[in-house]
Amino acid sequence: MSSDARAERHGSAAWTVVGAQEVRDLWLGGSALLLALAFSLLLSIMSYLAATNTELNFLEQRESVSLLAQVSIGAGSLLALLAAADSFSGERERGTLESLLLTPASRLQLTVGKLLGALSLWVAAFAISIPYILFLGRGVGVAGDALAVGFLLGSLLAIFLASLGQIISIFAASNRVSLTLSLFLLLALFAPTQLPASAEQGWAGELLFRLNPVTAAERYVGRVIMQGEAGSQDAAWLVSPIVAAAVFAVVALFVGARFLRLRAGG
């Protein structure tokens, strides 16, 4: 094998090495494991309260499954966002970014690896939610749909939010700034989901809900699980999450490759 071929093979595999190392650091370091345990406890409490409510009828069971799926998506995306927001600003603050930049991996490969590490928290959160959704969805025939749309929409939102957090982390002057700004933007995106259904009335309200990837995902999940609609029937609600995930992922990779520095803004 020629030296050029070996270099190309090494470069193509570098991002997987970085991603695997990032996953090990997150999980073996204990921080991701604690977050996963806290998430599991939250789902356990919610499932227990729903299961012990003897007055639950068919519709209310669907509501419980829908709520659990939406909480899983929201919490899993939050975990991915927090990990991504810490990815480079945390390394910079801990004084380990210099050694990371001196590795044979390119800045693009480092960005991809860090992004994959952050997304591992979403994958773990979804895996944890599976038995709870199956348990609450028994007898109403929505568990399969809840898992399918939950994984699809959760993955899209996790990619979108993790990419957003990583962009902020690359430019942030400190880890505190990165985490604070990321959480502020997350709250701004999730705030419309707490508005009453009447807020969606009219073309302006519906446009706002469709353009916001978080509200669009929440509405799509609710329609499929609660109303039993076919996934293709409301496919227009998927446009915003898909576009946001694709655009922000590309931007994060571009920013990481071009603007990742030892000092923020340097």
Side-chain angles (χ1 to χ4, degrees), residues 18-19 21-42 71 73-103 105 107-125 154 157-194 212-214 244-245 247-266:
V18 176
Q21 182 62 47
E22 185 68 14
V23 170
R24 285 194 296 268
D25 290 343
L26 282 171
W27 290 96
L28 296 181
S31 57
L33 182 60
L34 289 175
L35 291 173
L37 289 174
F39 175 67
S40 178
L41 179 61
L42 171 64
V71 168
I73 292 173
S77 301
L78 169 63
L79 296 181
L81 172 69
L82 291 177
D86 176 74
S87 57
F88 291 113
S89 58
E91 296 274 7
R92 187 181 292 118
E93 198 163 276
R94 291 187 290 269
T96 55
L97 183 58
E98 181 177 8
S99 60
L100 187 64
L101 294 177
L102 292 176
T103 61
R107 282 165 169 74
L108 176 60
Q109 291 161 347
L110 291 175
T111 305
V112 173
K114 287 283 190 179
L115 186 60
L116 291 177
L119 292 175
S120 72
L121 274 78
W122 151 246
V123 175
L157 287 186
I159 293 172
F160 159 54
L161 292 174
S163 300
L164 174 63
Q166 194 167 62
I167 294 170
I168 295 172
S169 184
I170 291 171
F171 291 112
S174 69
N175 202 34
R176 179 178 298 179
V177 170
S178 178
L179 291 171
T180 301
L181 182 56
S182 296
L183 287 174
F184 175 80
L185 292 176
L186 179 69
L187 290 175
L189 289 168
F190 269 93
T193 63
Q194 304 304 310
N212 184 337
V214 173
V247 170
F248 275 83
V250 171
V251 172
L253 298 182
F254 173 78
V255 167
R258 294 291 300 272
F259 299 102
L260 180 58
R261 300 288 186 271
L262 187 58
R263 291 181 176 83

(message) With heavy-atom distances below 4.5 Å as the criterion, would you say the side chains of Leu82 and Ser182 are in contact?
(response) no
(request) Only one of Leu97, Leu262, Asn175 passes side-chain contact (heavy atoms from CB on, under 4.5 Å) with Glu91; say which it is. (result) Leu97
(request) Quick one: do Phe248 and Leu161 satisfy side-chain contact (heavy atoms from CB on, under 4.5 Å)? Show the steps, please. (result) CA-CA 8 Å; Phe248 275 83; Leu161 292 174; over 6 Å; no
(request) Please list, chain by chain and in numerical order, all residues satisfying side-chain hydrogen bond (donor to acceptor under 3.5 Å, both in side chains) with Ser174, sequence neighbours excluded. (result) none
(request) To the nearest 0.5 Å, tell me how far Leu110 CG sits from Leu253 CG. (result) 12.0 Å
(message) To the closest 0.5 Å, what do you measure between OG (Ser77) and CG (Leu186)?
(response) 8.0 Å
(request) Decide yes or no for Leu183 and Leu78: does some side-chain heavy atom of the first lie under 4.5 Å from some side-chain heavy atom of the second? (result) yes
(request) Indicate yes or no: at least one non-hydrogen side-chain atom of Phe254 is less than 4.5 angstrom from one of Thr111. (result) no
(request) Given side-chain contact (heavy atoms from CB on, under 4.5 Å), test Gln166 with Ser163 step by step and report yes or no. (result) CA-CA 5 Å; Gln166 194 167 62; Ser163 300; 5.7 Å; no
(request) Check Pro192 against Asn212 and note the closest heavy-atom contact, atom names and distance. (result) CG-ND2, 3.8 Å
(request) State, yes or no, whether a side-chain contact exists between Val255 and Phe171 at a heavy-atom distance under 4.5 Å. (result) yes
(message) Has Thr180 got a side-chain atom pairing as donor or acceptor with Val177's backbone, closer than 3.5 angstrom?
(response) no
(request) Could you grab the distance from atom CG of Leu164 to atom CG of Leu189, nearest 0.5 Å is fine? (result) 7.5 Å
(message) Quick check for you: to the nearest 0.5 Å, what is the distance between Asp86 atom CG and Lys114 atom NZ?
(response) 7.5 Å
(request) Please round to the nearest 0.5 Å and tell me the distance separating atom CG of Leu260 and atom CG of Leu100. (result) 8.0 Å
(request) Say whether, by atom type as modelled, one donor and one acceptor occur between the side chain of Ser169 and the main chain of Gly165 under 3.5 angstrom. (result) no
(message) Under a 3.5 Å distance rule, please check whether Ser87 uses its side chain to pair with a backbone N or O of Ala84 as donor and acceptor.
(response) yes
(request) Can you measure from CG (Leu121) to CG (Leu81) and round to the nearest 0.5 angstrom? (result) 11.0 Å
(message) Donor-acceptor pair, distance only, cut-off 3.5 Å: does the side chain of Arg92 make one with the backbone of Ile170?
(response) yes
(request) Mind listing the closest non-hydrogen atom pair of Phe190 and Gly74 along with its distance? (result) CZ-CA, 3.8 Å
